[in-house]
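In this chain, numbering begins with 1 at the start of the sequence shown.
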Amino acid sequence: MRVVVYLEGPSDVYAMKALLKPLVEEKRRQGVGIEFTQAGKGDAKAYLLTRVPVLAAVELAKRPDTAILVIPDLYPMGKASFKDGTPEELEQGLRGNLKAALKANGQAYSPDLDQRFKVFCFKHDLEALLLAAPQRLANRLGLKSLKPAWKLPVEDQNHEHPPKQVVQALFRKHGKNYDQKVDAPLILAGADYRAIAQACPQCFQPLVEFLESRGAPA
């Protein structure tokens, strides 16, 4: 069994590999391979919303053992021909694009694709996961602890002030520059993905639950 996870960029790939390493290794022992891959060139979110469904239509038909997951940031909006301001709109729009791609290939949408093509998102971006690990974030900032000064649950930030802006402001406040490619994986590498899932029940927890459900117990 194979699960291909499409993410916006290399920093998302590095961060998810670091955070979900224990889960990926457990699934590998159960015969499930989980692969993280970044979007192609250009606007990363637009690529996930428009190009990936076309690729998925071909891959899912060719590989019945494969599931494809698409995980864009919810922020910013306006990256597709459909509304993409909520997780539900992303799901509806991406599944619509998959159906259109299948139709263009002369294929029908089969019920098994409800489980083999899944849409999740970071709400509103990857940095929500960092805010859900305040002690790890504090350690990276060189602090003993960090009292959350952001919305809780962390997924309740909004499009006007998404989590990445909160994290960037924290780094500046403590005399540092936030580098997503470096800092996000380092923070998440020591975090408990299950605890972060509990702190992010709206969008990240469903993703974790889906991955945990793949395959059989070792």
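Panel note: side chain H159, backbone M77; no donor-acceptor pair is recorded below 3.5 Å. The backbone N or O of A61 sits nowhere less than 3.5 Å from a side-chain atom of Q107 that would complete a donor-acceptor pair. The main-chain N or O of Q202 is found under 3.5 Å from a side-chain atom of E155 such that the two form a donor-acceptor pair. Here the side chain of R136 pairs a donor or acceptor atom with the backbone of I187 at under 3.5 angstrom. Judged by distance alone, with hydrogens and angles left aside, the side-chain atoms of R116 form a donor-acceptor pair with the main-chain N or O of T66 at under 3.5 Å. Listed for the R214 side chain is no donor-acceptor partner under 3.5 Å among the backbone atoms of K27. Listed for the D84 side chain is a donor-acceptor partner under 3.5 Å among the backbone atoms of K79.
Within the 4.5 Å cutoff, no side-chain heavy atoms of Q92 are placed close to those of F82. Contact of the L55 side chain with the Y47 side chain is registered, since non-hydrogen atoms from C-beta on lie closer than 4.5 Å. Side-chain atoms of D12 and Q38, non-hydrogen and from C-beta on, never get closer than 4.5 Å to each other. Using a 4.5 Å cut-off on side-chain heavy atoms (C-beta onward), P163 and V154 make no contact. In this structure the side chain of L170 reaches within 4.5 angstrom of the side chain of L146, judged on heavy atoms. The closest side-chain heavy-atom distance from L94 to L49 is below 4.5 Å. Put simply, the side chain of L130 reaches to within 4.5 Å of the side chain of Y178, judged on heavy atoms. You'll find the side chain of F117 reaches within 4.5 Å of the side chain of V70, heavy atoms only.
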Open item on the list: Run L7 and Y14 through side chain to side chain contact (heavy atoms under 4.5 Å, CB included) and show every step you take.
Closed with: CA-CA 10 Å; L7 300 155; Y14 302 152; over 6 Å; no
TODO: For salt bridge (charged side-chain N to carboxylate O under 4.0 Å, His left out), just list the numbers for R63 and D65, CA-CA rounded to whole Å, side-chain angles, deciding distance to a tenth of an Å, and then say yes or no.
DONE: CA-CA 5 Å; R63 296 282 300 269; D65 65 331; 3.1 Å; yes
TODO: Show your working on salt bridge (charged side-chain N to carboxylate O under 4.0 Å, His left out) between E59 and R2 and close with a plain yes or no.
DONE: CA-CA 11 Å; E59 186 70 6; R2 174 172 172 255; 2.8 Å; yes
- [ ] Take R29 and E26 through the test salt bridge (charged side-chain N to carboxylate O under 4.0 Å, His left out) and record every step on the way to the result.
- [x] CA-CA 5 Å; R29 291 192 292 270; E26 177 187 353; 5.4 Å; no
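In this structure, the separation between NZ on K83 and CG on L90 is 13.0 Å, given to the nearest 0.5 Å. With values rounded to the nearest 0.5 angstrom, R95 atom CZ is found 7.0 Å from L98 atom CG. Taking CG of L126 as the reference point, atom CE of M16 lies at 8.0 Å (rounded to 0.5 Å).
In this structure, V5 is not a member of the same hydrophobic cluster as V58, with clusters built from ILVMFWY side-chain heavy atoms closer than 4.5 Å. Side-chain heavy atoms closer than 4.5 Å link hydrophobic residues (I, L, V, M, F, W, Y) into clusters, and following such links, even through other members, never connects L186 to V24.
Side chain to side chain, Q165 and E127 fail the donor-acceptor criterion of an N or O pair below 3.5 Å.
Under the side chain to side chain donor-acceptor pair (under 3.5 Å) criterion, E212 pairs with Y193, not counting sequence neighbours. Under the rule for a side chain to side chain donor-acceptor pair (under 3.5 Å), K45 has no partner lying at least two apart in sequence or in another chain.
Using bins of under 30°, 30° to 60° and over 60° for the plane-to-plane angle, the ring pair F120/F210 lands in the tilted bin.
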